[in-house]
Amino acid sequence: MLRRILTLRAGRLAVGILLVVALLAILGPWVAPDVPTAKPLQSLSGDHWLGTDYLGRDVFSRLLEGSRDSVLGSVLVALVALVVGVVPGLLSVLLGRVFEWTTLRLVDTLVALPFLVFAVAVTALLGNGLTQAMLVTGVLVSPLFYRVTRAATLAVAHSQYVEAARISGASIGWIVRRHVWAKVLPPIAVALAQTIGVGFIIVSSLTFLGIGVQPPAPTWGGLLASDLNYLHYRPFAPLAPALLIMVTVWASNLLADAIRDVSGAAGRALVDARKVAAR
Amino acid sequence: GNGSAASGDGTSTLRWATSYFPTHWDPVVSGSGAQFRELALVYASLTKTDENGNAVPDLAESWTYNDTGDQVTFHLRPKLTFSDGTPVNAAAVKAAIERAKTQKNSALFGDLTSIKSVTTSGDLDVVVQLTQTDYQIPLLFGERVLQVASPAADPTALDQKPVGAGPFVVTQLTPGTKVVLKKNPDYWDAANIHIENVELVSAPDAATVVSGLQTGVYNFADITPNNAEAAKAAGLDVFVQPGFNANNISINVNKAPFTNPKVVDAVRHAINRQEFVDKLGFGYGEATDQPFPKKYVAYDPQSADKYAYDPAKAKELLKGIPPIKLTLVIPSADPQAEIVQSQLAAVGITVDIKVDKNWATPFFAKDLTLSLYGTTGRDSAVQTLTAHFGPNGPLNLSSPYQPAGFEAAVAKVRQTPLEAADYASVLQAATRAGLESKALVFTYSSPNLLAKSKSVSALPANPGHIDWTGVKIG
Amino acid sequence: MTALAVRDLHIRDLVGDREIVRGVSFELTPGKVVGIVGESGSGKTLTCRAALGILPEHFVVSAGSIEIGGRDIAGLSDAEWTGLRGSTISAVFQDPASYLNPSMRVGAQIAEVIRVKKRASRREARRRAVELLAAVHLRDPALVYEQYTYELSGGMLQRVLIAAAIAADPAVLIADEATTALDVIVQAEILDLLADLRARAGLALLVVSHDLAVIAQLCDEVLVLRDGEVVERGETADVLHEPRHEYTRLLISEHEQYGLDKYLEAVDV
Amino acid sequence: MTIALEPGFAVIRVQRAASRVLLTVARSLAIFVPVFLVATFVTFTLRALSGLSPAHTQLGEDATPEAVARIEHEWGLDEPFLVQYWHWLGDVLRGDLGRSWSNGVSVSQLIAEGLAISLSVAVLAMLIGVVFGFAFGALAALRRGTWIDRSITGVLTVFSIMPPFVIGILLVEIFAVGLGWFPSGGYIPLEVGFSPWLGHLMLPALALSFDAIADVARQLRAGLVGAYAENYVTGAVVRGLGRRRIFLRHVLPNGVGPALAVLGLKFPVIIGASVVTEWIFGLQGFGRFANDAAQAGDVPEVQGVLVVSIVLVVSFNLIVNLVLGKITPASHRGV
Amino acid sequence: MSEPILRVADLSVSYGRQRVLHGVTLDVEPGETVGIIGETGSGKSTLARAVLGLVPASAGSLRVDGSDVTRFSKRQWRAFRRRGVVQYVFQDPLRSLDPDLTIADSLIEPLLVRGVARAEAVARAEELLGRVRLDPDLLGRLPGAISGGQRQRVAVARALITDPALVILDEPVSALDAANRVLVLEILRELDAALLFISHDLGSVAGIADRVAVIYRGELVEDRPTRELITAPAHAYTRLLVSSVPTLRSATSDRAARDELRALLSA
Ligand SMILES: Nc1ncnc2c1ncn2[C@@H]1O[C@H](COP(=O)(O)OP(=O)(O)OP(=O)(O)O)[C@@H](O)[C@H]1O
Ligand SMILES: Nc1ncnc2c1ncn2[C@@H]1O[C@H](COP(=O)(O)OP(=O)(O)OP(=O)(O)O)[C@@H](O)[C@H]1O
Ligand SMILES: [Mg+2]
Ligand SMILES: [Mg+2]
């Protein structure tokens, strides 16, 4: 799959950017230069590549330090959504009517809720932690996974080749392993990539509203939100975190598109066609 | 800048964006210090303060103490009415004081412990019997504690239909967000009120308040220090309304590790007050180790710099004590906490910051070990002192602990008439006694920073108050 | 006068860079029926599409000519094509459901053609559309008019599609595998209907099928296409009796070995 | 014969339309009721878990444990959980969302006041989203593969990856502070005048519409491109219909479905994002109310917010379904 | 006389309230080829699905290869299917092969399910490919990468891999062109298994079936040797069918007769 994604230019770009982001997340806190605090709100200089923040901390180091939480945050959102969405999505097709009905109603509920309002409200009720905010957001975006999984599973479950397998005496487990998984995984991967993007935007919006912040732990969203308060001193300061967020979201979307493009029979054909054209 | 976008209506309208929009419009119920400034648009008090913080007449023309100082009589101005037509008389004031003492959800009865009873004498004289000699009462019955509402109004309805005898009358009120007022022609000093209309709204994100002022959406707003430069650059008047603001680090000496006085002292010496000013003040505010500004009568020069910034000494004090880990609990994200964290880290104390929406519960139950608080102060210095240092003071995280000698010093102040020659020294002695408290480390006083469009004329510089007397718009 | 003349048509795939149709010629006069048979991918549909001016992207007519009503189609503008289609040449295809708009009542799709091509009033168009639905042997045409595609069976849809195709009285109707997906009984009905139209309105028909027997039902002349080339052509009876090309012989033997023919012959004899 | 049939047409048509509307309403209700029960129950449970209490909002610096207990009793918070839920639900069904912990005002009233503003903004945002979304989407689809298509897609991508608060602040800086075209915030009721009202709504609506524009345009483009590839378009071409007619009558109705569906989903998103925009633009609407309620830990307000948003979204979906059903009956087949 | 491989007795099947088959009785002897003919929606596929246990019978009984399967539980069915006595070929070979599995994987699935070792199964698959005239090279490809005719032969091979006694073919040739059709029919003719050949086109069944059963609106209206059925159809529907099948020699001549029969049937 990855190899196929890499045959697309957009796919290479997306994977490249996300790799850098992942590296930032893993190494960021380690490589962040431990610059002592200095005069607050300096603009760019040799000592402080991106200037200093309102407490005189080096913005560049803060961005690096913040990478892990920022990335983990949206990955956590996506993972929560994945777990909460995929399993019921699969089971809604394979288990009985009662389960199907119940989960469908629950998903209808979640979809009906205005995202941020709910995230804000529930985080208020659950206490003001980044983790709470993430869990809530994850649950709120889980319908995407539920629907995607369910749709893919439904399509496969009613296909002739599954019927053919049943006629050969295959069990449900066999059918899922052999026929369903391969069809369900690509749309889940698409949803996962999309959700990481959505997660970034939502988590940063919540941070802007002051929800889910646990100072002094920096996040890109938090840095962006606080930079907006000092526009007069450092007008271009929000650019760095904003670009990081936007590029990451963009790369996630690109990746989602690339996965969509190369998955399934049509995707294979596309990739093959490109290979032929390249020769 | 473009100031004309929304201010073309000619009449003098004050468009005020406030970050402290009152949650409740009944003065007895409303709890926070900053909101009284807004409530004062509607409600007048018995007294108010002048530029020096002295009590001067408001609804009461004058007042007289008996010889023992345990009874004070307020003489009301004649022929005043509330905006519902009810006369402002001694009965009304008596009712107001009693309501503040007895109403179930009153936030004030803690402030009124000196009041034994209230009687009327004739139509205009209110006689207040005290439980002790207390010459602070005229200061007490100012904006903070005795905004007088009409006795004819149903107290439960006051929140939505405030009826007072203040300079303005509410015409429309959207709870929590917006209130529209017009000038009260029956206000005793109406001749000096030149503003016709007021629209008070709850302020948006701090970053956009200045844009709002700049584009004329508002013409008056409180701003955060970081926005002061921008506001000036946008051609706005930026000024500081003097006040009694003081931020502190609250410490609970009943809990480890602060049961060890050395740790408390270490914290006292670890705090670099100037850093707060430098980083958060943007040229405004000043370092302080007392809950009073320097020029105020209660400020005790002798106590200045008692625990100066001395990290070496702090480290010295901590020697031999096992590593300390603390949780600093605050109600919302606050850079002060980050500064405290880094300063304590510098002397080897690890601090975790925990933002807890439910902060008030443990704080007022005195369950926290370490927290931050900022007071807006009170008109009566004694009140400020007891709130911080008294055994039951709400701001004393270490209740019932109080510093030795504090109780006596405060009693002495109460017994000293305000105009007595030694009033200042007695008061300062009480401050000195209070500052012995291990429960509080004062850091800096954040300024009451305001920005206004140039069309709004300067405000009287009454500390802690926003007084519209004489202010013109246009 | 020829209604449709295709002369030595070549169609080229620009992307694959190969010629897919190589030298197809035939001529249709009013009332005449020409059939094209051939295996899958032999270029039957591309030939039809070329005549309709709707070749898929990157396919072009690389040589030869097509004339519709005596007019060469090379260099026709968009507007001219629009004027020609529907009122001079029209077509029906396999899978009729997909060739009708699923979100419009089927009757309205016929009336639409009449309104646009015949400049008829709304009422008049509706009246004519109902008449057309009756003319293609749909029972209860007024009800069918109000229905959507998903409410009709394949046979009914093919009739509706034919009604829409002939609504503006074209001279030529192209039927590309128009009966392939249908039940044999329905197929016979549609073939009978096409025969009717040809007899009654003098419609010239181009019938495409991969089943020689279907062609044999209707056509005066047959073209056998293989790999883009005409391997056999002639009067239907001649081709059936004296197939010259091996592929034609395969088509015939399929029917003789596996079809009904052998039993029917027994009866005939 | 045809004349006799005329009334028949009308009757058939009306019957079909009526039954379609009824069916849609019934279906939406069938979804709504369980959704409502589940959602309210969850929010109520969260309240119980949160441990928030009206006492502190009210008592401020005077919160002794006894005073807290007294106030909680007054609010009925010492009753068993299910009893509380039952009472609350009963009240909600009667349209009473309870009273605010901070000031005892009826939550329904508070929300109603804010909602007028938020809905004005949301509707305007939706309108902008629809107009620009459709214009961009249609243009990109009609010019698919050209530089126009690519640049529209590029702009839309930027729109969709910008966090809403960044958009808001940018708009303020550009259109209010920089160009001075619109006020930077605040709200003027419609009674005062149409153009000041609209002027105040413009920037927040614009900020909210970006995401809608991007998604609607993308879906519309995909839908239209897909519809153009369908056989019925070939069918219409072959019948000799003109480009414009094909676009309007055949491509658009069939390609618009996903865009409309997305539009339906955008409504909750816009209401949600209003939490941010109203905070930036100083609008005292529903979103600001939600934020304030949440920040203040005022549980009845928070619950009211949730209930109202569910009702809003479900009713909006109902409208979308009805419109969708009118435009494309195919949606009834689940196609 | 040996027991028939399939014995359908008085079978009725319903989908919910809708009765799709009523009282169908049909025997298939080992090695025999029986054609099932009927119009769209007449219930042909339903009959096949009932035989495979994919839809339950609402009345009547089914015996397959000597076992009464009418009341089989899910578990019994699974065990029975694994024996591979009955196999099925779908109309559309593209959709009956998993697009993500190679031809080899699809082919050997019935054996793997039974627990046969992979190597053994692949060997068997290679052997079968020869019988359906396919190149063993194809084994590594995906269904999308081979032609329609080849796919249908793969589907046939897959059905044969368990050595079934009965193969049910649902419109196996109607999506194929002439050459492929002939090829598949030839392959089928060579088989020893009994065939149940379903089609709406009498023409495609006539050449291969020993007997043809006609289903009309859920009822089996005629069940006779092929020649008899074609030359002397008894039921009106069968008569219309015979006269509707396009043949090389019939022209529009039977038109009048067809119109009459249509009128008769729609009455
Ligand atoms: N849109 C298209 N894109 C790419 N190739 C095409 C397209 N349409 C047709 N072809 C190719 O052109 C050739 C001729 O196709 P055409 O559709 O004319 O065949 P046909 O004779 O109609 O076949 P069938 O009987 O399957 O309909 C085939 O090889 C096909 O692969
Ligand atoms: N799963 C199902 N649920 C409900 N009804 C069904 C189902 N499958 C088939 N039917 C109905 O049962 C009837 C018989 O269907 P069946 O598929 O057996 O017909 P068929 O003869 O195979 O038709 P075709 O030639 O089109 O394949 C039809 O009316 C069909 O609509
Ligand atoms: Mg074709
Ligand atoms: Mg079938």
Side-chain angles (χ1 to χ4, degrees), chain C residues 48-49 52-54 56-57 78-79 81-105 107-110 112-113 115-117 123 126-131 134 140-143 145-151 161 164-168 170 174, chain D residues 1-17 19-20 144-145 223 225-258 260 323-335:
Chain C
C48 297
R49 286 183 155 247
L52 289 160
I54 51 167
E57 252 180 276
D78 251 21
W81 261 121
T82 305
L84 217 52
R85 291 186 199 121
S87 46
T88 307
I89 187 166
S90 196
V92 292
F93 306 91
Q94 188 181 352
D95 190 12
S98 74
Y99 282 90
L100 287 166
N101 185 338
S103 50
M104 243 171 120
R105 291 161 204 283
Q109 300 186 57
I110 301 171
E112 173 181 49
V113 178
R115 289 199 54 189
V116 170
K117 308 304 279 191
R123 279 184 81 89
R126 152 169 289 208
R127 193 185 60 75
R128 293 272 311 279
V130 175
E131 277 176 20
D140 206 348
L143 175 67
Y145 186 101
E146 294 294 325
Q147 285 178 309
Y148 290 96
T149 50
Y150 64 92
E151 297 169 289
L161 200 64
I166 61 172
I174 297 175
Chain D
M1 172 200 169
T2 31
I3 290 168
L5 282 170
E6 286 291 317
F9 286 140
V11 170
I12 294 171
R13 206 169 262 204
V14 167
Q15 279 175 349
R16 283 163 162 257
S19 65
R20 202 169 57 216
R144 55 191 175 280
V225 169
Y228 264 117
E230 291 284 346
N231 284 340
Y232 52 76
V233 172
T234 313
V237 168
V238 164
R239 273 169 246 145
L241 304 180
R243 255 168 198 274
R244 183 211 281 272
R245 190 176 192 91
I246 289 177
F247 176 72
L248 291 177
R249 302 268 296 175
H250 298 271
V251 174
L252 195 58
N254 290 299
V256 81
L260 287 182
V323 173
L324 216 56
K326 181 128 192 64
I327 293 179
T328 134
S331 71
H332 286 280
R333 291 173 290 143
V335 175

Is NZ or CZ of Arg144(D) both nearer than 6.0 Å to the six-membered ring centre of Tyr228(D) and within 45° of the ring axis?
yes

Pick one of side chain, backbone, both or neither for Ala164(C), based on which atoms fall under 4.5 Å of a heavy atom in chain D.
both

Whether the Asp95(C) and Asn231(D) side chains hold a donor-acceptor pair (N or O, under 3.5 Å, no angle test) is what I'd like checked.
no

Verify whether the ring centers belonging to Tyr99(C) and Phe93(C) lie closer than 6.0 Å.
yes

Quick one: what part of Leu100(C) sits under 4.5 Å from any heavy atom of chain D, side chain, backbone, both or neither?
both

Between Ser87(C) and chain D, with a heavy-atom cut-off of 4.5 Å, which part of the residue counts as in contact: side chain, backbone, both or neither?
neither

Between Arg249(D) and chain C, which part of the residue has a heavy atom less than 4.5 Å away: side chain, backbone, both or neither?
both

To the nearest 0.5 Å, tell me how far His250(D) NE2 sits from Glu112(C) CD.
3.5 Å

Looking only at Gln109(C), Arg49(C), Lys117(C), most heavy-atom pairs under 4.5 Å shared with chain D are made by Lys117(C)

So for Leu161(C), is it side chain, backbone, both, or neither that comes closer than 4.5 Å to the heavy atoms of chain D?
side chain

After noting the C-alpha distance and the side-chain angles of Trp81(C) and Leu52(C), does the key distance pass the side chain to side chain contact (heavy atoms under 4.5 Å, CB included) rule?
CA-CA 9 Å; Trp81(C) 261 121; Leu52(C) 289 160; 5.6 Å; no

